[in-house]
Novice: 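One structure coming up, written as structure tokens, with questions to follow.
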Amino acid sequence: RRLYGAKGAARVGLNSSAHAMEQKFRETLFKQGMLLPDERVIAAVSGGADSVCMLHLLLEAGFSPSVIHVQHMIRGAEAERDARFVSALCRRLGLECGIIYKDVPALAELKGLSIEEAARTLRYEALFESAQKLNIKKIAVAHNINDQAETILLRLIRGSGLAGLAGMQPVRPDGIIRPLMGFTRAEIEQYCSIKGLDYIQDSTNFSEDYSRNYVRGQLIPLMERLNPALCRVLAGSARIMAEDEAYLSGQAAADYKKLAERTETGVILDAEELKKTARPIAARIVRFAVEEVCGLKDITALHIESVLGLLEAQTGKWLPLKRGARACRNYAQLFIGFPQKTEEFCLPFALGEFDAGARRITVSMAERLNARAGEEEYVDFSKVPDGSVLRSRRPGDRIFPLGAPGEKKLKDYLIDKKVPRAQRDKLVLLACGGEVLAVLGMTVSVRACVDENTKNIAVIKVEVNNAGKGC
């Protein structure tokens, strides 16, 4: 039997630890469907311990990744040192390497982003551009258990729902994979030490001007006094929340298809049905709509709660979201999208075809009065005064609707009929001065209606080219 000294036994133990990590890494790749055998993959390599470790584990697992290093143009000479390090590493390993320059400070200033946000945006932009250029579908990034814990705490501090607290997912639909999500930073650094792998340190990782670094350097060590296994516990909780979120989101997605109507300018949800829906499902339905309209970046749980609050609000109540999008309550509808621009027009009333922005209006003679079909109206041609026009609505318009006891403001008539505010601005009116003779698709005035004495019947029809319903 072979006997080992203390140093020899320790060395065997370390080698065994490295081998176990390699085995676990391979199992992670295949069991979680991250990569198929011989599948091509991009490895995002910064030169730090995490990405260097991931690169070598991919090689140990039989893959030959294409390496991409993003130079963020933040740290001057140090950033150039990192790029040279990664290039030299790839030459030694015989791997393809692309160094991509992205001006993070310029984007941060242009868009009003933090350096962290701008760096993340441009880093993923570079990776996806490279994947498309190389025709590679998978991109491996080196996030680990500690990164997951930091992400969860940051989202909790800023305010997040279950989807946010589920953290980063090991496999994303867009091809991003995170094969180190089952390993701690300490395990990764130990593997590098055992294998004699050189790596570099990013000086910005030690600057607590960045929120993630503050969480990493101050908050987590403090919390680990209560639970030394904090990072693993948080990562485990994230997995549980991810499973719960997947179930609830699946239920919400099915309901979203039933309750949502897409328009040119946004999404309309059935507010009455949404009110009857269990709140966790309703919140996800609203989240789907917001994501479809303007994306979820900078959208917090408070935004979603505020939109849900509109279900109990009066018609016309609205709140801003982002990039000009808004949520608005319109009678039985909840609209999430962009305000519809009003197209004002005024055309002389005459026989023929006319363009009015997105509308095409046709005025022709009819042999008889038929049931209204869509946005059209029949009028007594002889009753229409000279100087009448086809136009959009104006302040002060009045109408004497057929069947009504008397004249009223057009605004009051439309409110009584529960016409959403945005739709009112898109109506086509036949009017003479401030007197409305017809609201196409809705009503005609007693002063222009067809009766038993009518000899000349005109029909006015409007075709709308995909006009969206807005707020």
Side-chain angles (χ1 to χ4, degrees), residues 159-166 173 241-340 372-375 411-427 439 441-442 464 466-471:
S160 179
L162 192 59
L165 296 179
M241 286 187 277
E243 292 172 359
D244 291 348
E245 175 60 29
Y247 175 78
L248 290 170
S249 290
Q251 296 292 311
D255 287 346
Y256 183 62
K257 290 180 180 178
K258 300 174 187 174
L259 302 183
E261 175 189 348
R262 290 164 185 81
T263 76
E264 190 178 276
T265 57
V267 174
I268 294 173
L269 299 174
D270 186 326
E272 297 307 315
E273 287 300 317
L274 199 59
K275 285 171 71 172
K276 300 175 189 175
T277 304
R279 197 166 183 85
I281 301 298
R284 283 163 177 79
I285 290 171
V286 167
R287 185 180 172 87
F288 286 146
V290 172
E291 181 176 23
E292 189 169 330
V293 169
C294 60
L296 292 174
K297 182 173 170 47
D298 299 325
I299 296 294
T300 67
L302 181 60
H303 285 100
I304 303 302
E305 286 296 314
S306 298
V307 174
L308 286 173
L310 291 176
L311 294 175
E312 306 300 330
Q314 293 181 337
T315 288
K317 182 74 173 178
W318 65 275
L319 58 87
L321 292 172
K322 53 182 271 194
R323 295 209 310 262
R326 59 171 62 176
C328 180
R329 181 63 193 269
N330 278 335
Y331 296 105
Q333 300 174 342
L334 179 64
F335 173 77
I336 297 172
F338 298 91
Q340 180 71 28
R372 182 192 298 127
E375 197 171 354
K411 178 180 177 181
D412 293 338
Y413 170 79
L414 297 176
I415 290 173
D416 291 342
K417 293 296 182 181
K418 299 190 184 315
V419 179
R421 182 179 298 175
Q423 293 301 102
R424 299 173 208 167
D425 290 331
K426 293 191 289 183
L427 293 170
V439 182
M442 293 193 66
V464 182
N466 257 342
K469 298 173 184 176
C471 180

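Computed from a prediction, not measured in an experiment: that's the story for all the values here.
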Novice: For a 4.5 angstrom cut-off between non-hydrogen side-chain atoms, does Lys317 reach Glu312?
Specialist: no
Novice: Would you name the heavy atoms of Cys328 and Leu310 that are closest together and state the gap between them?
Specialist: N-CD1, 4.0 Å
Novice: Under 3.5 Å, is there a donor-acceptor pair between the Thr300 and His303 side chains?
Specialist: yes
Novice: Verify the neighbour count for atom NZ of Lys322: are there more than 12 heavy atoms of other residues, nucleotides or ligands below 6.0 Å?
Specialist: yes
Novice: Are the side chain of Arg329 and the backbone N or O of Tyr331 linked by a donor-acceptor pair below 3.5 Å?
Specialist: yes
Novice: Using a 4.5 Å cut-off on heavy atoms from C-beta on, say whether the side chain of Glu243 contacts that of Tyr247.
Specialist: no
Novice: Looking at every non-hydrogen atom in both residues, tell me the closest pair between Arg372 and Met442 and how far apart they are.
Specialist: NH2-O, 3.0 Å
Novice: Could you tell me which non-hydrogen atom of Gly266 sits nearest to which non-hydrogen atom of Val293, and how far apart they are?
Specialist: CA-CG2, 4.1 Å
Novice: Can you spot which of Leu162, Thr277, Ile304 makes a side-chain contact (heavy atoms from CB on, under 4.5 Å) with Arg284?
Specialist: Leu162
Novice: If you compare all heavy atoms of Arg326 against all heavy atoms of Pro339, which two are closest, and at what distance to 0.1 Å?
Specialist: NE-CG, 3.6 Å
Novice: Which heavy-atom pair separates Leu311 from Leu334 by the least distance, and what is that distance?
Specialist: CD2-CD2, 4.1 Å
Novice: For a quick test of reading the model, state the closest non-hydrogen atom pair linking Ala163 to Glu245 and the distance between them.
Specialist: N-OE1, 3.5 Å
Novice: Roughly how far, to the nearest 0.5 Å, is CD of Glu261 from CZ of Phe335?
Specialist: 10.5 Å
Novice: Mind listing the side-chain donor-acceptor pairs of residues 252-259 below 3.5 Å, one per line with the distance, residues two or more places apart or on another chain?
Specialist:
{"residue": "Tyr256", "atom": "OH", "partner": "Glu292", "partner atom": "OE1", "Å": "2.8"}

Novice: Looking at CG of Leu269 and CG of Asn330, how far apart are the two atoms once the value is rounded to the nearest 0.5 Å?
Specialist: 12.0 Å
Novice: Do Val286 and Leu274 have side chains that approach each other closer than 4.5 Å (heavy atoms only, starting at C-beta)?
Specialist: yes
